[in-house]
Amino acid sequence: MRTLIAGNWKMNGLAADLAEIAALGRALATTPRTVDVLICPPATLVARAAAATIGISIAIGGQDCAPAAHGAFTGDVSAEMLRDAGATFVILGHSERRQYHKETDAMVRAKAQGVHRARLSAIICIGETKEQRDAGKAVGIVSRQLAAGVPDGSGPGNLVIAYEPVWAIGTGVVPSEDQIAQMHTLIRQGLVKRFGAEAAGVRILYGGSMKATNAAPILALPDVNGGLIGGASLKAADLLGIIAAAPQG
Ligand code: PGA
């Protein structure tokens, strides 16, 4: 399984910032590697980012999509539109969407069905809040989000899971290796139980305050198959440090 290093730019990035993707491409072109790299810029930049990465092995993705393919949904963007713009992945159910847009697991599942209908891969984000962890509910929350948010018909070709404890996102606080390993094992077991042995090939990313200086031990953990990176994905140099820390092979 190839490690996936995915950058989530969130609501950051103007045309001038495409230079970071170009710089990333130049650096990656000269280094043989077995790590997959994905950048998810804001929707306004998906098409230009995809055009800028033609012939460069950087995939481009969206950060959200509507469940429907088209219709009277002012302001929404469908998975088909993201595909048309050059995206191959779509992040879904990020904790910021769950918090600020009240997205439920059922909505995440419906969006993931849209992503699959458009023949793209869904990166479904799950993770507990600090309060939930402190109350001993982390395992239950993550299990429920996984079961309810992931649609039938998912597999290694169209699903990535990102375990992102909410308390680690943008805070500089990183869970212990034991805490990460426990959740990734739980997620793997849940996937295999539901989808069978082939779910061993679904990539499970860790996300939350990952940076070049802490990435290597996290990415070496069993069932950690990559990272979803926010802040440290905005500058090519920072993301290159994480890519260099990933196990090659
Ligand atoms: P962070 O964000 O790396 O800035 O903590 C991760 C994410 O929200 O995907």
Side-chain angles (χ1 to χ4, degrees), residues 3-13 17 20-21 24 35-43 45-46 49 58-65 82 87-103 108 111-112 115 121-130 132-133 138 141-142 145-146 149 159-177 179-180 183-184 187 203-219 221 224-246:
T3 299
L4 174 62
I5 300 297
N8 171 14
W9 278 16
K10 310 192 179 185
M11 199 174 75
N12 298 291
D17 298 297
E20 295 299 329
I21 296 179
L24 197 57
V35 175
D36 290 337
V37 177
L38 165 69
I39 298 291
C40 300
L45 291 183
V46 166
I58 300 174
I60 299 300
Q63 300 175 8
D64 177 44
C65 71
L82 289 170
T88 49
F89 290 83
V90 185
I91 297 170
L92 294 175
H94 190 281
S95 66
E96 289 149 18
R97 303 283 323 166
R98 294 178 189 261
Q99 183 183 350
Y100 304 133
H101 298 273
K102 304 283 173 275
E103 288 195 7
V108 172
K111 290 177 175 204
V115 167
S121 289
I123 302 177
I124 297 183
C125 303
I126 57 181
E128 80 287 355
T129 64
K130 174 92 169 61
Q132 289 164 339
R133 176 164 283 271
I141 292 289
V142 167
Q145 290 175 336
L146 183 72
L159 177 71
V160 175
I161 299 293
Y163 171 58
E164 297 206 304
V166 180
W167 46 278
I169 295 175
T171 58
V173 179
V174 177
S176 70
E177 290 174 25
Q179 287 172 324
I180 296 173
M183 281 303 184
H184 281 245
I187 292 165
R203 288 184 285 196
I204 307 173
L205 313 183
Y206 167 77
S209 297
M210 188 184 273
K211 45 185 190 278
T213 49
N214 62 23
I218 298 173
L219 293 171
L221 291 170
V224 175
N225 313 116
L228 181 57
I229 297 113
S233 73
L234 296 172
K235 294 285 171 220
D238 293 339
L239 198 64
L240 285 164
I242 296 175
I243 293 166

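The first residue in the sequence is number 1, and the count goes up from there. Indexing begins at 1, ligand by ligand and atom by atom, following the structure's order.
Scanning for side-chain hydrogen bond (donor to acceptor under 3.5 Å, both in side chains) contacts around Trp167 gives Glu128, with sequence neighbours left out. Partners of Lys211 under the side-chain hydrogen bond (donor to acceptor under 3.5 Å, both in side chains) rule, at least two apart in sequence or in another chain, do not exist in this structure.
Heavy atoms only, all atoms of each residue included: Ile60 and Pro41 are closest at CG2-CD, 4.0 Å.
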Residues 229-243, side-chain donor-acceptor partners within the protein, below 3.5 Å, at least two apart:
from: Ser233; atom 1: OG; to: Ile229; atom 2: O; distance (Å): 3.1
from: Ser233; atom 1: OG; to: Gly230; atom 2: O; distance (Å): 2.8

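Protein residues having a heavy atom under 4.0 Å from any atom of ligand 1 are Asn8, Lys10, His94, Glu164, Ala168, Ile169, Gly170, Gly208, Ser209, Leu228, Ile229, Gly230, Gly231, listed by chain and number.
The side-chain hydrogen bond (donor to acceptor under 3.5 Å, both in side chains) test with Glu103 singles out one residue from Lys111, Arg98, His94, and that residue is Lys111.
The aromatic rings of His184 and Tyr206 lie tilted to each other, with the angle between the two planes from 30° to 60°.
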